Every structure is written in structure tokens, then in C-alpha cells.
Amino acid sequence: MKKTILATAILLAGAANAAEVYNNEGTTVSLGGSFRGHVVIDNSDKVNFEDAGSRFDIKAAKELDNGLKAFGQMEIKYKDVDSLDTLYVNNAFLGLEHDVYGKATLGKKLGLGDDLVMNDFSYESGVYNFQTNAAGSGTEDQLEYSKTFGGAKVVVGLINQDTYAIGGTYDVAGLSLGVAYTIANDQEGTATPLVDNSSIIVGAQYALDALTLGVQYQALDVDNADTSAYGIGAHYALGQVGVYAMYDILDGDAKSDEGSELVVGADYEIAKDVKTYVEFNSSDRDEATADRKDKTEDTLWVGARVYF
């Protein structure tokens with residue numbers, strides 16, 4: 001997932017310092033990304049040393065006439081699948097942007113909802129039921145249009161003739177509000193031939209000096225099964241050090257989807273765009289599953305990221 005406002009802000013800061021490798025007659029090309037690694041200790045005291053989703057991206061832009069700009073972006077991400085090293089395209093899209101008429105984007109990307117888990121300041125954890133292709137709110141090939149009106153932004157996405165999304169954000173005086181809704185009609189179901197799936201996410205975040213507070217609500221209806229999550233979180237900056245915590249309550253039709261998540265962590269900025277962190281997650285469920293044999297799982301991560 002991409003999930004957090006804090007992590008997104010860090011990534012964008014790194015992207016702002018990305019290396020410009022080409023600049024000629026209004027055309028620019030830049031490279032950016034991040035190297036990520038962590039140590040994981042779980043319930044059984046098993047210790048794993050892993051890459052944590054290192055990636056790089058390529059961005060291109062071309063200034064056209066009358067305030068119009070063409071752009072494109074591709075992000076390549078690393079993943080270890082069954083001990084096999086894999087590079088895959090995490091997103092790839094192109095578009096046109098105008099100073100007055102807004103921005104249109106076409107290609108594989110996440111929608112607005114990825115930015116709205118506003119209580120999540122973590123590097124490894126977080127509850128994101130909203131992100132699922134079954135409801136059209138995952139990483140999808142889509143046509144998206146967005147327009148900014150002062151502190152407000154409206155986003156409309158079309159995945160196919162049966163699946164679409166609408167949402168928006170509003171920023172004022174340190175307060176950020178956002179909502180995104182997707183609906184996927186006539187999807188293949190299990191008990192019935194066709195079902196209408198949907199998802200909604202609402203987030204709010206308030207920043208006051210070094211303290212940032214966030215809340216979120218998510219509801220997902222897929223194949224006539226409902227799940228939801230409610231969460232609060234806080235982050236406090238102390239110079240180069242940041243401390244954060246968040247708590248989510250889960251509610252679903254299945255007991256394995258009910259429970260809570262508690263996350264506490266701290267990070268340290270060694271130098272510009274170089275972060276280290278330690279993070280603890282305690283995850284409780286009302287019922288164990290085949291993939292999750294314990295109702296309570298405690299995990300400790302120690303990791304680092306270098307953004308470029």
C-alpha cells in the first residue's frame with residue numbers, strides 16, 4: 001500500500017530532489033525513488049532481514065503552448081515472491097495538465113483514496129481495507145480527471161463502463177479533509193451471479209506546529225460482505241526525531257475481520273532524505289485463520305530508507 005500522508009510527504013520530498021537527467025526545449029526527464037530495508041521480528045522470535053519495497057521512478061514532462069503540459073510517470077518496484085527476485089511496474093500513466101482546466105491522467109495508478117488514510121503515520125503497518133480491485137479502489141488502469149479550486153480538489157475516475165470513482169479534498173488553516181467513493185457494478189459474485197461492490201473512505205488531519213493528529217473511516221462492501229475500520233493517530237516531531245502512534249478498530253461480517261491494531265514507532269533523520277525507524281505492531285483478531293494462526297500477532301520492525 002501507499003498509503004500514509006507522512007510517508008507520501010517524505011517520498012515527494014525525495015522526488016523533489018530527483019536527478020534531472022535531461023532538459024531541452026521544455027522537455028525534462030528525471031529519476032527518483034528510494035532504497036528500503038528492514039529487520040523483522042515476529043511472535044515466534046524469528047528474525048528476517050529483508051528488502052522493504054525498494055523502487056525507482058521515471059518522470060517526464062513537456063511544456064506545450066498556452067499553459068498546457070504533457071507528462072508521464074512509471075514506477076518500478078522490487079518484490080521478493082517465494083524467494084524469487086521480481087521487478088514489476090507498480091504504476092505507469094501519462095496525461096495532460098492545464099493551468100485553468102485541470103489535469104487528465106490515463107494509465108495504471110491508485111486513486112485518491114490512497115492519500116486518505118490520514119491517521120496512519122507508520123512505515124510498515126496500517127489498516128487499508130479500502131484498497132481492493134474488486135471494488136475498483138486498487139491499482140487500476142483508469143482515466144482520471146482532477147481540478148483544483150483554491151484549497152479544494154475534485155477527482156473523478158473511470159475504470160470501465162461499470163466501475164467509477166469520485167472524491168475530493170479540502171485544505172484550510174492546517175486542516176485537511178478528504179473523501180473518496182468507488183462503485184463497481186455487475187461484478188462476479190460467489191453466492192449470486194452478479195453483485196455491486198463499493199468502498200468509501202473519509203479522512204481528516206490537523207497539523208499544529210510539531211503535532212499532527214489524524215482520523216479515518218473506511219467501509220467496504222464486496223460480494224455482499226461488509227468490513228469497516230475506524231482509526232485515530234498522532235505524530236510529533238522533535239527536531240530530527242519523530243514519534244507516532246495509531247489505533248484502528250476493525251469490524252466485519254467474519255470474526256477474522258474483527259479486532260484492532262495498535263502501532264507505536266519512532267524515526268530519526270540521519271541526514272536529508274535518509275531515515276531510520278523502529279516500529280511495533282500489536283494486531284488482534286476475534287478469530288484465527290489458516291493464514292493467521294494466532295489471534296494476537298506482535299511484530300517489531302527496524303528499518304531504514306534512502307530517498308533520491
Side-chain angles (χ1 to χ4, degrees), residues 1-39 49-81 85-99 102-112 114-115 120-124 139-142 144 146 148 153 155 235 237 239-242 267-277 279 301-308:
M1 92 184 55
K2 71 137 223 5
K3 61 183 178 64
T4 71
I5 297 298
L6 179 64
T8 300
I10 295 171
L11 178 59
L12 290 177
N17 296 323
E20 187 177 276
V21 297
Y22 181 83
N23 189 333
N24 184 46
E25 296 182 352
T27 300
T28 59
V29 179
S30 61
L31 298 177
S34 58
F35 296 108
R36 309 180 179 201
H38 60 207
V39 182
F49 302 89
E50 303 170 341
D51 178 271
S54 296
R55 65 202 65 188
F56 68 90
D57 61 77
I58 305 169
K59 295 182 179 180
K62 173 70 173 180
E63 296 291 342
L64 305 176
D65 296 331
N66 302 317
L68 188 64
K69 179 175 74 173
F71 62 89
Q73 180 176 339
M74 176 180 289
E75 182 182 60
I76 310 297
K77 190 174 179 181
Y78 170 81
K79 187 175 183 180
D80 185 353
V81 180
D85 295 334
T86 302
L87 289 175
Y88 67 97
V89 177
N90 195 40
N91 59 61
F93 52 85
L94 55 83
L96 291 172
E97 184 174 9
H98 191 273
D99 297 338
K103 180 166 66 174
T105 306
L106 175 65
K108 179 183 179 181
K109 67 187 297 294
L110 273 168
L112 173 65
D114 188 53
D115 296 329
D120 185 2
F121 303 95
S122 68
Y123 290 85
E124 304 283 356
T139 301
E140 295 273 14
D141 287 314
Q142 60 186 288
E144 183 183 271
S146 62
T148 300
K153 180 181 179 181
V155 181
H235 180 276
Q240 294 172 270
V241 178
D267 58 32
Y268 177 69
E269 187 177 33
I270 299 175
K272 180 177 172 57
D273 299 327
V274 180
K275 289 272 190 174
T276 60
Y277 60 90
E279 185 171 303
W301 287 275
V302 180
R305 295 184 182 182
V306 177
Y307 299 91
F308 60 91

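As a basis for the values below, the full set of heavy atoms in this structure was taken, side chains included, without hydrogen atoms, waters or symmetry mates. Just so it is clear, the model here is predicted, and its values are computed rather than measured.
- Residue K108 places its NZ atom among more than 12 non-hydrogen atoms of other residues, nucleotides or ligands, all under 6.0 Å distant.
- Taking CZ from F56 and CG from L87, the interatomic distance works out to 7.0 Å, rounded to the nearest 0.5 Å.
- Summarising the geometry, atom CG belonging to L64 is positioned 11.5 Å from atom CD belonging to E97; distances are rounded to the nearest 0.5 Å.
- For the atom pair F308 CZ and F35 CZ, the distance stands at 4.5 Å (nearest 0.5 Å).
- A donor-acceptor contact under 3.5 angstrom links the side chains of K62 and T27, judged on distance only.
- Side chains of H38 and Y123 form no contact here, defined as non-hydrogen atoms less than 4.5 Å apart.
- When every heavy atom of I270 is checked against every heavy atom of Q240, the shortest pair comes out as O-NE2, 3.9 Å.
- The minimum heavy-atom distance linking K69 with A61 is given by the pair CD-CB, 4.2 Å.
- Note that CG of L94 is 10.0 Å distant from CE of M74, once rounded to the nearest 0.5 Å.
- In this structure, I76 and V89 have side chains that are in contact, with non-hydrogen atoms separated by less than 4.5 Å.
- When each of K109, E75, K77, K79 is checked for a side-chain hydrogen bond (donor to acceptor under 3.5 Å, both in side chains) with N90, only E75 meets the rule.
- Nearest heavy atoms, N23 versus E20: ND2-OE2, 3.0 Å.
- Counting non-hydrogen atoms of neighbouring residues, nucleotides and ligands closer than 6.0 angstrom, the CG atom of N66 reaches no more than 12 such neighbours.
- Considering OH of Y88 and CZ of R55, their distance stands at 7.0 Å, rounded to 0.5 Å.
- Using a 4.5 Å heavy-atom cutoff, the side chains of D57 and L31 are not in contact.
- For the pair E124 and A52, the tightest heavy-atom approach, listed with the atom from each and the gap, is OE2-CB, 4.3 Å.
- When all heavy atoms are compared, the tightest approach of E144 to L110 is OE1-O, 4.4 Å.
- Nearest heavy-atom pair, R36 versus D51, reported as atom, atom and distance to 0.1 Å: O-OD2, 3.1 Å.
- Relative orientation of the F93 and F71 rings is perpendicular, given thresholds of 30° and 60° on the angle between their planes.
- Between atom OG1 of residue T28 and atom CD of residue E63 there is a gap of 7.5 Å, rounded to the nearest 0.5 Å.
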